[in-house]
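Just so it is clear: chains get the letters A, B, ... in the order the sequence lines come, proteins before strands, and each one is counted from 1. These numbers come from a predicted model, not from an experiment.
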Amino acid sequence: MDIKTVKISDFSQHVDQQIKIKGWLYNSRAGGKVQFLVLRDGSAMCQAILEKKEGNEDIFGQVKHLGQESSIIATGTVRADDRSMGGFELAIDDVEIVHETNDYPITPKQHGVEFLMKNRHLHLRSKKQWAIARIRHTIINSIRSYFNDNEFILVDTPIFSPSVGEEEQTLFNVDYFGENVALSQTGQLYLEAAALSHGKAYCFGPTFRAEKSKTRRHLTEFWMVEPEVAFIDLEGIMDLGQGLIHTIISNCLKDRRDELEILERDISKLEAALKPFVHLSYSEAVELLHSEKAKNHLENKLAQKNTRIEELKDNIEQYNTDATNAKKQWQKDKAAQQIQTANEEIAELQKEVENIPHHMELAKNFKWGKDLGGSDESIISELHDQPVFVHRYPREVKAFYMKPDPENPDVVLNIDCLAPEGYGEIIGGSMREEDYNALIQRIENKGFDPENYKWYLDLRKYGSVPHGGFGLGVERTVAWVTGIKHIRETIAYPRMMGKVYP
RNA sequence: UCCUCGAUAGCUCAAUUGGUAGAGCGAGCGGCUGUUAACCGCUAGGUUGCUGGUUCGAGUCCAGCUCGAGGAGCCA
């Protein structure tokens, strides 16, 4: 009789049945007569019990010496047991060793960033990385289904783009049969053409920025989805963006509870984002930055950080006492580890504490007409529980194709969407200038040559309509939803300044 | 491009005013029937990132370089 192979995530439906699982050894605690194996099969992890019995001494001995990440096929009976993680475990009858692994580099203990990134191809198997990847999958799937369900047509825009002379430092140049072209940093201009064909269109692909940014928010290669709609207005664009983010969040809350729990994400923060978003004009945002509210917020933040630092210092005292009183070596080591972790947190907090007065100055002295800086965005987003749309920025700091507000030509009809908790800008979008002559004017004012925009200008010559759209950065969205600090963990193989391996 | 910090065993870290390089984890061997980063005992494991300098003596001090982390600017 063939024994059925089941997924660990389906264990609850197979209690007391004999089944097979195909997977990998994640960790093991071997005893003389019983071994506790933590197995993973891609769907989940479970504990498996191998008891030494008459007749299985060979298997017992072999499994005992199996290295972490050895691949195996285990046959056994599913049991409900509260002592086991997930509430179920596998009582093993037999193990087939598919591949024996020795010296797997990533152990269940702590590792540094550099080491993990060098071993990224293996790091992907770790629990947190596994959870992040699954949430990313759900986010991308939500994006596709949201647009598909709302009658958008997917149009793929080119990655090789002619260089038109603008913003050259931020583009990657490629030798294209002797011609200098750039890797695309947006599909928007091409997508405008598609929107005039389909009414609603979107593109979804990788995008490339050669900015020399080394921060936790930047990648040189990242994924962006860009919808573009004919006959829309700015309110419509904001509704579209809010609908998209609501769909993403509610799908993650519905389908990725376990993964969010693995990442210790505060669910209430995500639930708050299901409320209608805050709408602030740029001018209102500037007022907010100048307000007592912003000042008080930063003062509170400063006080909180200082309190936390004192708390950590007290903890360190305690750990030191623990270490002195500890009889066992491992207790001393544990205390040392805790002290190290606390010191790292203190260092980070002290840096923030140092920066807060500077941020206060920046906010207080913010002049109408400048683009919002990173710290300004943080202040605005931290003052609200849900994402914030900031609209109508000064025309001078924004791109040439953005349409000026007919009611105030000093500002353009654009939006930025700021994610909560300081995760920064996740959406940028605008209405596009649809008037032929006005667009030429804008191109010339920015110092560009209208000759290079011939086909783009054609869109204003033949059946031009009010239209607009936005771009949403997938990795920043994943960082926010998962609550992880650094964007490099939101994509399987991050590309950053100076890093292209593996 | 600029500013700050860092590089010691496979991994994470320690090493007092410059004076014999250590621990835990991991690996190997052994012990333990309910473990949750299991635990206990033993063993192996090092050109202290590179180059030069100061010194009787450098992991430690100085200079330059390489690599990494965080931030500024810019941005999704």
Side-chain angles (χ1 to χ4, degrees), chain A residues 26-38 45 47-53 64-65 67-68 81-86 89 102-119 127 167 169-170 185-186 206-226 328-337 339-341 343-344 347-348 350-352 354-355 358 362 371-375 377 397 399 416-419 423-429 470-480 485-488 490 496-499:
Chain A
Y26 193 74
N27 194 10
S28 65
R29 294 176 283 275
K33 289 185 181 161
V34 61
Q35 295 178 48
F36 302 93
L37 311 174
V38 179
M45 291 204 264
Q47 173 164 283
I49 315 298
L50 178 56
E51 287 182 65
K52 195 173 186 175
K53 293 179 211 155
K64 191 166 178 175
H65 293 107
Q68 198 190 334
D81 193 313
D82 289 342
R83 289 171 299 186
S84 205
M85 60 194 219
E89 61 183 23
N102 296 303
D103 300 326
Y104 185 69
I106 301 176
T107 69
K109 302 285 175 181
Q110 264 190 9
H111 298 283
V113 171
E114 189 182 358
F115 178 78
L116 290 174
M117 282 297 144
K118 273 192 180 141
N119 289 284
K127 201 172 178 180
E167 301 159 287
Q169 299 104 338
T170 67
Q185 61 167 343
T186 172
T207 193
F208 306 89
R209 305 271 166 99
E211 287 147 8
K212 294 189 173 172
S213 304
K214 287 177 66 176
T215 80
R216 64 182 75 183
R217 298 186 307 280
H218 286 89
L219 295 170
T220 54
E221 177 182 318
F222 64 96
W223 286 68
M224 184 158 71
V225 61
E226 295 175 90
K328 306 274 186 186
Q329 182 59 44
W330 71 267
Q331 290 171 322
K332 288 185 201 288
D333 292 329
K334 189 182 168 195
Q337 183 68 58
I339 289 168
Q340 194 195 320
T341 309
N343 274 325
E344 279 167 16
E348 196 163 315
Q350 277 172 340
K351 205 171 227 171
E352 289 176 40
E354 247 172 64
N355 282 333
H358 180 55
L362 285 177
D371 209 347
L372 296 175
S375 64
E377 288 183 355
V397 297
D416 277 358
C417 182
L418 308 179
Y423 278 95
E425 187 185 339
I426 53 172
I427 281 181
F470 64 81
L472 172 125
V474 168
E475 284 74 17
R476 285 192 184 172
T477 306
V478 176
W480 167 45
K485 286 211 179 86
H486 204 299
I487 200 167
R488 68 184 155 222
T490 62
M496 293 173 291
M497 193 182 147
K499 202 198 98 57

5' priority, RNA chain B, between A:Asp81 and A:Asp416 [closest heavy atom]
A:Asp81
Measure the spacing between CG of A:Leu472 and CE of A:Met224 and express it to the nearest 0.5 Å.
9.5 Å
Rounded distance in Å - CZ (A:Phe115) to C1' (B:G6)
18 Å
Could you tell me how far B:C40 sits from B:G49 if I compare only their C1' atoms? Round to whole Å.
37 Å
Would you classify A:Lys214 as touching base, sugar-phosphate or nothing, given that sugar-phosphate means primed atoms plus P, OP1 and OP2, and contacts are heavy atoms under 4.0 Å?
base
Base, sugar-phosphate, or nothing: which does A:Glu89 touch, judged by heavy atoms less than 4.0 Å apart?
base
Provide, to the nearest angstrom, the distance between the OH atom belonging to A:Tyr26 and the P atom belonging to B:A38.
11 Å
Is there a donor and acceptor pair, one atom on the side chain of A:Glu114 and one on the base of B:G6, closer than 3.5 Å?
no
When rounded to the nearest 0.5 angstrom, what distance separates CG in A:Leu219 from CD in A:Glu211?
11.5 Å
Whole-angstrom distance between B:G18 and B:G10, as gauged at atom P:
28 Å
Pick the C1' atom in B:U16 and in B:U36, then give their distance to the nearest Å.
39 Å
How many Å lie between CD1 on A:Ile426 and P on B:C75, as a whole number?
18 Å
Please check: side-chain N/O of A:Ser28 versus main-chain N/O of A:Ala30, any donor-acceptor pairing under 3.5 Å?
no
Below 4.0 angstrom from OP1 or OP2 of B:A38, is there any side-chain N or O of A:Asn27?
yes
Tell me: CD of A:Glu211 to P of B:C74, nearest whole Å?
10 Å
Report the nucleotide, chosen from B:U33, B:A76, B:U35, that has the shortest atom-to-atom distance to any side-chain atom of A:Arg209.
B:A76
Taking only side-chain nitrogens and oxygens of A:Arg488, does any of them come within less than 4.0 Å of OP1 or OP2 of B:G70?
yes
When you measure from the side chain of A:Val113, which nucleotide among B:G71, B:A38, B:A69 comes out closest?
B:A69
Using purine N1 to pyrimidine N3 plus N6-O4 or O6-N4 for Watson-Crick, or N1-O2 and O6-N3 for G-U wobble, both under 3.5 Å, which nucleotide pairs with B:U47?
none
With side chains defined as the heavy atoms from C-beta onward, is the minimum distance between A:Arg476 and A:Phe222 less than 4.5 Å?
no
Can you say whether a donor on the side chain of A:Arg476 sits under 3.5 Å from an acceptor on the base of B:C75, or the other way round?
yes
Say we look at B:C25 and B:G19: how far apart would their C1' atoms be, to the nearest angstrom?
30 Å
Under 4.0 angstrom between A:Arg217 side-chain N/O and B:C75 OP1 or OP2:
no
With heavy atoms under 4.0 Å as the rule, sort A:His486 into base, sugar-phosphate or nothing.
sugar-phosphate
Whole-angstrom distance between B:U54 and B:C2, as gauged at atom P:
30 Å
Start at the 5' end of RNA chain B and walk down; is the nucleotide closest to A:Glu377 or to A:Lys499 reached first?
A:Lys499
With both distances under 3.5 angstrom, what nucleotide forms a Watson-Crick or G-U wobble pair with B:C25?
B:G10
Atom-to-atom span, CD1 of A:Ile487 to C1' of B:A76 - whole angstrom
7 Å
Partner of B:U36 under the Watson-Crick or G-U wobble criteria, both distances under 3.5 Å, comes out as none
Could you tell me if the side chain of A:Phe208 sits less than 4.5 Å from the side chain of A:Thr220, heavy atoms only?
no
Measure from CG on A:Leu362 to C1' on B:G73 and round the result to the nearest Å.
12 Å
A:Gln35 CD to B:C32 P: how many Å, rounded?
13 Å
Give me the distance, rounded to whole Å, that separates B:A27 from B:A21 when you measure between the P atoms they each carry.
29 Å
As its Watson-Crick or G-U partner within any shown strand, both distances under 3.5 Å, B:G59 has none
Does a distance-only test, which skips hydrogens and angles, find a donor-acceptor pair under 3.5 Å between the side chain of A:Thr215 and the base of B:G70?
no
How is A:Ile427 classified with respect to the nucleic acid when contacts are heavy atoms under 4.0 Å: base, sugar-phosphate, or nothing?
sugar-phosphate
Span that lies between the C1' atom of B:G64 and that of B:G28, in whole angstrom
43 Å
Among B:U36, B:A76, B:U33, the one nearest A:Gln47 by side-chain distance:
B:U36
Does B:C2 have a Watson-Crick or wobble partner in any strand here, with both distances under 3.5 angstrom, and which is it?
B:G71
Separation of A:Gln35 CD from A:Gln47 CD (nearest 0.5 Å)
12.0 Å
Among B:U1, B:G26, B:A69, which is the nearest nucleotide to the side chain of A:Lys212?
B:U1
Could you tell me how far apart A:Leu116 (CG) and B:U12 (C1') are, to the nearest whole angstrom?
11 Å
Using only atom types and a distance under 3.5 Å, with no angle test, would you say the side chain of A:Thr207 pairs donor to acceptor with the backbone of A:Gln185?
yes
Are OP1 or OP2 of B:C29 and a side-chain N or O of A:His65 less than 4.0 angstrom apart?
yes
Keeping the roles fixed (side chain from A:Glu475, backbone from A:Trp223), state whether a donor-acceptor pair exists under 3.5 Å.
yes
Among the nucleotides B:C11, B:U33, B:A38, which one has an atom lying closest to any side-chain atom of A:Val34?
B:U33
Donor-acceptor pair present, A:His111 side chain and B:C11 base, under 3.5 Å:
no
Spacing of the C1' atoms in B:C13 and B:U17 (rounded, Å):
23 Å
Whether the A:Gln68 and A:Thr107 side chains hold a donor-acceptor pair (N or O, under 3.5 Å, no angle test) is what I'd like checked.
no
Can you tell me which nucleotide in B:G26, B:A76, B:G73 comes closest to the side chain of A:Thr107?
B:G26
According to the 5.5 Å centroid and 30° plane-angle thresholds, does A:Phe36 stack upon the nucleobase of B:G34?
no
